[in-house]
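Scroll down for the structure; my scribbles are underneath it.
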Amino acid sequence: MITIIKHTDELQQAQGEIRAGGTDIQARRRIGISQGPVVDISRLPDLNKIAWDDQQAATVGAHVTIDAISRDKEMIDKYPGLAMAAGALATPQIRVMASMGGALLQRTRCNYFRNADFSCFKKGGDHCPAREGDHRYGVFFDLGPCVFPHPSTLGMVLMAYEATVSIHGQDKRKIDAIYGDGSDPSRDHTLQPNELLTHIHLPAPLPEERASYFRSIGRARAEWPLVEAVVRLQLDDKETIRAAFVAVGGVANVPLRLPHVEKALLDKPATTETFEEAARKAPEGASPLPMTHYKHQLLYGTVLETLQRAYNRVWGGEG
Amino acid sequence: MIKTTINGTAYEFDETQHETAVETIRQQCGLTGTKKVCGTGACGACTVLVDGVPMTSCVLPNTSLEARDVTTIEQYRGDKLHPMQQAFMVHDGLQCGFCTPGFIVESIAFFDQWRKEHGTQRPSKEQVAEALAGHLCRCGAYLGIYEAVQSACAGDFDEVQEVIPARVDALEKVTGEARYTVDIQLKGQRVGKILRSPHAHAHVKHLDLAPARAIEGVTAVIDLLDASRKVRFHGHEIAAVAAIDERTAQKALQAIQVAYEVLPAITSLEAARDPHHPAQVWPEKKKKQVPNAAEGLYFPGTWDKNLRNPKLPIASKAPKNARHLVERAANTAHPHLEMTLKNAAQSHTCLEPHCAVARWNKNKDHVTVYASTQACDHLAHSIAEHFHLPVEHVTVHSAYVGGGFGSKLTLKMETIAAVALAKESGAPVSVVLDRHEEMMVGGYRPAVLGELAMSTSPQGDLEALQVHAYADSGIAVNSMVGFLIGSSYNRPGNPRDILDIDTLTNTAPGSPFRGPGGPSAAWILEQGVDQLAHDLQVDPIALRRKWDHNPNSEPLYKWLESLPVWQERSTLPSEERYTRGLGLAMGFWGYFYDPKAEIRLQASAEGFTIRTASQDMGNGTRTVLAKAVAEVFQLQPHEVHVILGDSREVHGPTSGGSRTTSSIWAPAYQAAQQIKAQILQDAKRKRKLNLHALTYIEGGVRDHHNSYTWLELMGQLNERYEAHTRRGYDRAITERIAYTVTQKLGLDIVIGQGNAAAACLAEVEVDKLLGKIRIPRVWMGFNIGRVFVPALAASQIYGGVIQGIGYALHEEKRLDPTTGRLLTTGLEDYRIPGIAEMPEIDIYYAPDGFPHAPGQGVGLAEVCTMPIAASIANAVFHATGWRPLESPIRPERLVKGVQNA
């Protein structure tokens, strides 16, 4: 049963899992992981715009596609880390269909979850089969019972941009709040079934800031990241780092900011030595699983690579 | 109801029948050019344009088509092809053709955008790879695709009216007109589905099909278990249902009641080696129903619980002496080596899944089966045998096959189920595996563990070779890995202790995969040879040359030595983060043919038609046949009409064991020559043409006065010609005896004289920090004799290379260690190479390799993939100083390995 709603007020009456672009939910429905009714929100009006306020801060509607973010000239100029990440994830066809809202609220890509032959916390079960089984693509920071990394690249990027989101009929929330601390293994986000994410608000970029996004993968393209990172840096005239934002994905069941890495960058000269020293701190506090020790080096390497790319304003996102 | 426009035509459809656009487009609108493969938006086969923008229709809600302008491949048919389609045809940007509509549609959108922004500037490979990052081609036609997209964008086809395609069935493939088995929609066709075991090992105590039968719309329910009532792997077929639609069939599956007694299960190679493990995969005394994972040969062997030890003629000799020599070497300062190497299992994952559609006649004594098979003729015989029918009462059609790679050689459960369900339904039934099922039971190259020991004499001769290969083909046996290793560097007097142990596990059966055993054999042995060359500080070519007994390798060593890149290679691995390396590996493959392969060629004023009950799964059978005729008559191959994929035609070869070309070229050529001679005789007799005065011109002849095309000449003679030829034996007596043996095993195959040889030199770039490997270029040398259709031979090689790269770097079939259930259920988790993985490939063919073979050439599909992964491993060692013992060399392995080295 699929209900198409054309006005946000209809949401309260409609029962079912929300579908926007459909790229995640239809893949899950095909294999029987999502079976119940669906509420299609793709025809809700006014959600597919990027608006700018006089401070040059963007508000992005939930229906804006990932592709649109990656190509929008203003977004590329003001939020290069976000635009770069949008252009590096999934495939071109998925990016034109998938919405920003869906990108933030997609379900985990764990291959135990996306497999009707296994039960797990996220399917009403009482254990994590990946923890006992094959978790080579699992977390490096073990924050809760579920051990698969959070799927949202853009959620991770928005952490570094300190974005907020609007939920229909409610106050704005910080992006961190929709992901929680990873302790609840049954969820990929904290929204309730009838809560609708409508907008993403990005604070105005810092003057002269530079940013980059990079993901570490096995193939050349089109692969879920083993580790990914986004970095924003603001340098003064003497190339001293005056602001630093570093977030990483592929390593925990929620997107992570790395404040200790940021601290290691602040007020330091923007040199290779600084970047290496800061990147070396990235794995600090990790709690690897038996099969994820390799992410130690990948996390260090990915953060280092992203720092250097941000500093050099290198465009491009996969490697 | 949803209203939409597809290819300019208004459509109205009931959106509740299906949820996603691909089903609506294919089934409700009947536009089957668009293909469904992965179901998760990963492979791009289902790409359509929505308001001009490419989208994967398998995850696109069909309600999103409302009031949109949709374009599918069917838009690009008719008199004038799009330049992009012409470019794909000319540059052979396709093989089996199943992914082609998706690639074409996407490339046309790219073309339009590119022209707007860049005019006729040529896009870079990087730009093409970026645009096509959402498409996968299992055959590996990527180099042709690059060239096609670049040249079409550059305007090379703007003014072109007609093109000469590289393969004769390219037009059907670039227009989506080629009808594959999944596209067959017969009147009243039912949907068949299979119930599979959730357990890795269980005894089915009770199976109640009645609740499924009771559901309205269910037309048949059948039991698929054998007399043992056992399921031996997760996914094992238990029962099947047919129903009026997919939903009813699913409901029926859920209604079936099964009571299991769960048995202990073995789910890994290591566990199978444990003699105390409580599980036994095949406790039966007679092991007749144990499946064979190899393509042809089957060596009888002894069983020890879950291990099977086949006797290996020739490959293992003087094993005691070999053991003694390697032990002595280990205890002394003798040059020797011991290594344990591993390969992960590699899934075929053909883009067209295993599928069949069956229809019985009214009397239920004749069945017609549409099947995705690489053995059209053989399959008809197998169906006849299985269902106790005379073979004349079985017809198999396989006009187009969306990839096979060895996995579609035999009668499998989807076909058995379709035939049985159709009989009970009294209506046609299709059984099409979904991607999860395809990944589960569609076949794989076994996981292998090889314990290698070698010792050399002080003179650098191979003194002794010891290989204990353990292969996990699930419930199947016969990996051939040990046998192939034992058959390498096998000079007279070389003692060798070779074991080729099958480790039986409660996992789905492996099946032959392009060069069965070959890539693993090379992975183990060629890394050993490379390591010894390094340890002994001798040139790896010189060492191989000294040991190699295959005379066909020698020209390849000469060629390798002549390559500047080899001459200029560095000797020491670099300490930098990014390093480069070169690696070499050799391969060989038997020369196989089907002596009974037949050809029927007809010629008249209407044209040339050639037929045989073989098939084309992208390997180029159609083109080889057409070329043989075209060569005799100086025509263009696409002017010859080829009929394949119909078991009622004269006996045609199975496409496996690199035997197709070696079986059909010679009889096709001979048939053409016979007809040509007849035409000329008739022309002399009836038209009084002076044969001595005739000269051959393109597509015809010319005498003093006139020129005639062959068609005109036949028209004027008012004659129709027919020739019927058979391949026959190269060497009558010995091969005839061999054939009687292989035929007993159900194989129409003979081993000819001499081995095909291949050499691969791979260049790698390694990022040691992030564990990433890129392969910019490979050089491939072959000694296979004559190359009949060079453009398609190159395409075959590209496919062999990219599948080898997948094996070396990316592909790994993974199971949950506790339950034995599949984890790599789709193309997101099971990672086959994309277009950006494709290296530049240089090809060299040594001349004169097979003068004794009719046509002077042999097949190359297997030999071209055998050495790839090993050469990459050797290149990684050269680049990093770390030897990758385990494949695939994914980042996690490389990072760990280099760290510890």
Side-chain angles (χ1 to χ4, degrees), chain A residues 1-2 4 19 21-27 29-32 38 40 42-43 67 87 90-98 109 111-112 114-118 129-130 132-134 136-137 216-224 226-227 291-298 300-302 304-305 319, chain B residues 15-16 19-20 39-42 44 47 50 53-56 58-61 63-64 66 106 129-135 198 234 434 436 767 769-772 774 809-810 814-819 821-826 828-829 831 833-837 888 890-893 895-896 899:
Chain A
M1 171 65 180
I2 290 162
I4 299 177
R19 178 174 82 183
T23 57
D24 169 21
I25 186 173
Q26 288 307 144
R29 287 178 80 76
R30 192 179 285 288
I31 56 170
V38 170
D40 185 296
S42 63
R43 294 183 204 176
D67 181 69
T91 67
Q93 298 105 302
I94 295 293
R95 298 198 292 263
V96 295
M97 298 157 70
R109 300 287 161 172
N111 49 15
Y112 284 91
R114 286 178 187 258
N115 187 332
D117 296 331
F118 294 97
E132 302 134 32
D134 184 340
R136 100 179 46 167
Y137 301 121
S216 173
I217 52 180
R219 283 186 304 198
R221 287 168 202 279
E223 201 167 284
W224 294 96
L226 296 164
V227 176
M291 300 169 90
T292 62
H293 288 271
Y294 73 94
K295 288 199 175 180
H296 189 283
Q297 181 172 325
L298 286 195
Y300 159 72
T302 303
L304 177 61
E305 180 76 27
Chain B
E15 76 280 17
T16 62
E19 286 189 7
T20 56
T40 58
T47 301
V50 180
V53 179
M55 297 187 185
T56 46
C58 71
V59 288
L60 178 68
T63 53
S64 300
E66 171 83 45
E106 178 91 45
E130 173 60 37
L132 299 180
H135 291 264
H234 173 234
D434 66 27
H436 187 160
D767 174 353
L769 181 62
L770 296 175
K772 191 150 176 164
R774 201 177 80 83
L809 302 184
H810 309 293
R814 292 186 296 125
L815 304 175
D816 174 53
T818 319
T819 59
R821 292 175 183 170
L822 184 70
L823 292 175
T824 43
T825 57
E828 285 196 27
D829 302 316
R831 288 151 184 177
I835 190 166
E837 266 67 54
R890 297 229 356 122
E892 60 269 21
R893 290 209 173 96
V895 161
K896 208 167 121 186
Q899 246 173 18

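Keep in mind that the numbers below use all heavy atoms, side chains included, and drop hydrogens, waters and symmetry copies. Labels below follow one simple rule: chain letters A, B, ... track the order of the sequence lines, proteins then strands, and each chain is numbered from 1.
In this structure B/Arg821 satisfies the side chain to side chain donor-acceptor pair (under 3.5 Å) test with no other residue, sequence neighbours excluded. B/Ala129 meets the side-chain contact (heavy atoms from CB on, under 4.5 Å) test with A/Arg221, B/Tyr146, B/Ile835, B/Ala836; sequence neighbours excluded.
Interface residue A/Ile4: only side-chain heavy atoms are found under 4.5 Å from chain B. Both the backbone and the side chain of B/Arg831 come within less than 4.5 Å of a heavy atom of chain A. If you measure heavy-atom distances from B/Asp829 to chain A, the contacts under 4.5 Å come from the side chain alone. Of the atoms belonging to A/Arg95, it is side-chain heavy atoms, and not backbone ones, that fall under 4.5 Å from chain B. Heavy atoms of B/Arg774 lying under 4.5 Å from chain A are absent altogether. Contact of A/Asp67 with chain B is not made at all, since no heavy-atom distance falls under 4.5 Å. When heavy atoms are compared at a cutoff of 4.5 Å, B/Thr56 approaches chain A by way of both its backbone and its side chain. With a 4.5 angstrom heavy-atom cutoff, B/Thr47 touches chain A only via side-chain atoms. Of the two parts of A/Leu226, only the side chain, counted from C-beta on, holds a non-hydrogen atom closer than 4.5 Å to a non-hydrogen atom of chain B. The contact between A/Thr302 and chain B is made by backbone and side chain atoms together, counting heavy-atom distances below 4.5 Å. Of the two parts of B/Glu15, neither the backbone nor the side chain holds a non-hydrogen atom closer than 4.5 Å to a non-hydrogen atom of chain A. Contacts between B/Val53 and chain A at a heavy-atom distance below 4.5 Å involve the side chain alone, from C-beta outward.
A/Tyr112 places a side-chain N or O within donor-acceptor distance of the main-chain N or O of A/Asp134, the cut-off being under 3.5 Å. Under the 3.5 Å distance criterion, the side-chain polar atoms of A/Arg30 are matched with a main-chain donor or acceptor of B/Cys58.
The pair A/Glu223-B/Lys772 does not meet the salt-bridge criterion, since no charged nitrogen lies less than 4.0 angstrom from a carboxylate oxygen.
Side-chain contact between A/Asn115 and B/His436 is present, with at least one heavy-atom pair separated by less than 4.5 Å.
At a cut-off of 3.5 Å, with distance as the only test, no side-chain donor of B/Thr20 or A/Gln26 sits close to an acceptor on the other residue.
Figure legend: cation-pi geometry between B/Arg814 and A/Tyr137 absent, as NZ or CZ is not positioned both under 6.0 Å from the six-membered ring centre and within 45° of its axis.
Contacts with chain A were tallied for B/Ala42, B/Gly134, B/Ala131; B/Gly134 has the most, counting heavy-atom pairs under 4.5 Å.
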